[in-house]
Amino acid sequence: MSGAEHTAGHTAGHSLVFLGTGASCGVPSFYCGCKACEEARDDPRAARDCSDLLVVGAQHTLIDAAPELRTQLIRERVGHIDRLLLTHEHFDHIGGIPQLEFLVRLGPRPPLPLYAGAQTLAAVERCFGFMSDVLEPHLLEAFATVEFDGVVYTPLPAAHSEGAFGFLIETAQKVAYFPDTGPLPPQTRERLDGLDVLIIDATFNGRNWMPSSHHTIDEAIALAHGLGVRHTYLTHLTMHYDEPITRAELEEKLGPYGGDIGLAFDGLRLTLG
Ligand SMILES: [Zn+2]
Ligand SMILES: [Zn+2]
Ligand SMILES: [Zn+2]
C-alpha cells in the first residue's frame, strides 16, 4: 500500500516492526469457524497474533510483550531486546514477558529495563514475581517524556483499563500508538495534532461490544479523519466481532482511502527516518 513506507529526515533511521496486530483472541481463534478465522487457517498472512510493536534503531525497544513473543521474534529475526515499554496490564500485552527471562539469565546480562505506569508495574510484579531480579522497573508518568536511542516517547492516557497508556513516538516523524483505547481523553487528543502516523485500536467490526474501551473499524477511521492524520494503520483487530470480515474484504473496504487508511498486519514494517 502506498502509505506503507515513510522516509524522512536527517536523523538516523528508525523503523517500526508490527510483531502482532490482533486482539486477545487472535486470528484464527481456536474455537471459531467464522470466515475470518477460516481465511487465516488457509492463509497464514491473514493470521494475527496479539498486538505488540518493535521500534528499531541502533537498539531494539519493545512496546508490549504478546503471549506469542517468542515466535514473533524468531519470525522477524530479532536477536536482542534493549528495553520493554508497556501500555497496560492485560494478558495480551504482558503474557510474553516470561519469554525474556533467559535473555537475561543465560547472557548473563544486566536486568532488562521495564517502563510502565504504576498499575501495570504492580501487575507485572504480581504475575511475574519470579522475574523480579531479571527486570529493572522504571515508573512512567502520563505526559512525562522519556528518550531512548534517539526516539522520544510520551505516555498518554488511553480510555481502557485503569492507568492504560498509548505512546507518542517521535523521531523525524510523529507517530501515535494506541492499540487499546475507546474515545480518546481530551487531554490526550490535543497532544495528537500534526501526527504523521496514527496506529489505532480497531478491535470490532460493526457493533462495538465495549464502546468505552475499544473502537470499531469505522470509529477508528472517523478518529483518523477528525485528527487529520496523513497515514493511519488499523490494529488490534478481532476480525470476527460483531460481524466477521476477511482480510480481503477489509482491504477492499479501505481501498477508497487510497492508502491513507491502511490495515496493519503481522510483519508490517514502516520506515520512519
Ligand atoms: Zn489488547
Ligand atoms: Zn473467527
Ligand atoms: Zn487491554
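In listed order, ligands and their atoms are each counted from 1.
- Linking ILVMFWY residues whenever their side-chain heavy atoms come closer than 4.5 Å, directly or via other members, leaves L156 and L139 in distinct clusters.
- Cation-pi check for R247 over F265 is met; the charged atom lies under 6.0 angstrom from the ring centroid and within 45 degrees of its normal.
- Side-chain contact check for H225 versus Y257: some heavy-atom pair is nearer than 4.5 Å.
- Protein atoms that are N, O or S and lie under 2.8 Å from the Zn ion (ligand 2) are these: C32 SG, C34 SG, C37 SG, H240 ND1.
- Taking the side chain as every heavy atom from C-beta outward, L192 and L168 approach each other to under 4.5 Å.
- N208 contributes a side-chain N or O that, together with a main-chain N or O of H214, makes up a donor-acceptor pair within less than 3.5 Å.
- Inside a sphere of radius 2.8 Å centred on the Zn ion (ligand 1), the protein N/O/S atoms present are D92 OD2, H93 NE2, D180 OD1, D180 OD2, H236 NE2.
- The Zn ion (ligand 3) lies closest to atom NE2 when only the N/O/S atoms of H160 are considered.
- Within the 6.0 Å centre-distance limit, the rings of H160 and H90 are counted as a close aromatic pair.
- With respect to the salt-bridge test (charged N to carboxylate O, under 4.0 angstrom), the residues E136 and R83 do not qualify.
- In this structure, D52 and I63 have side chains that are not in contact, with every pair of non-hydrogen atoms separated by 4.5 Å or more.
- Y177 is not listed as a side-chain neighbour of V55, based on a closest heavy-atom distance of 4.5 Å or more.
- Between A46 and E39, the closest heavy-atom pair is CB-OE1, 3.6 Å.
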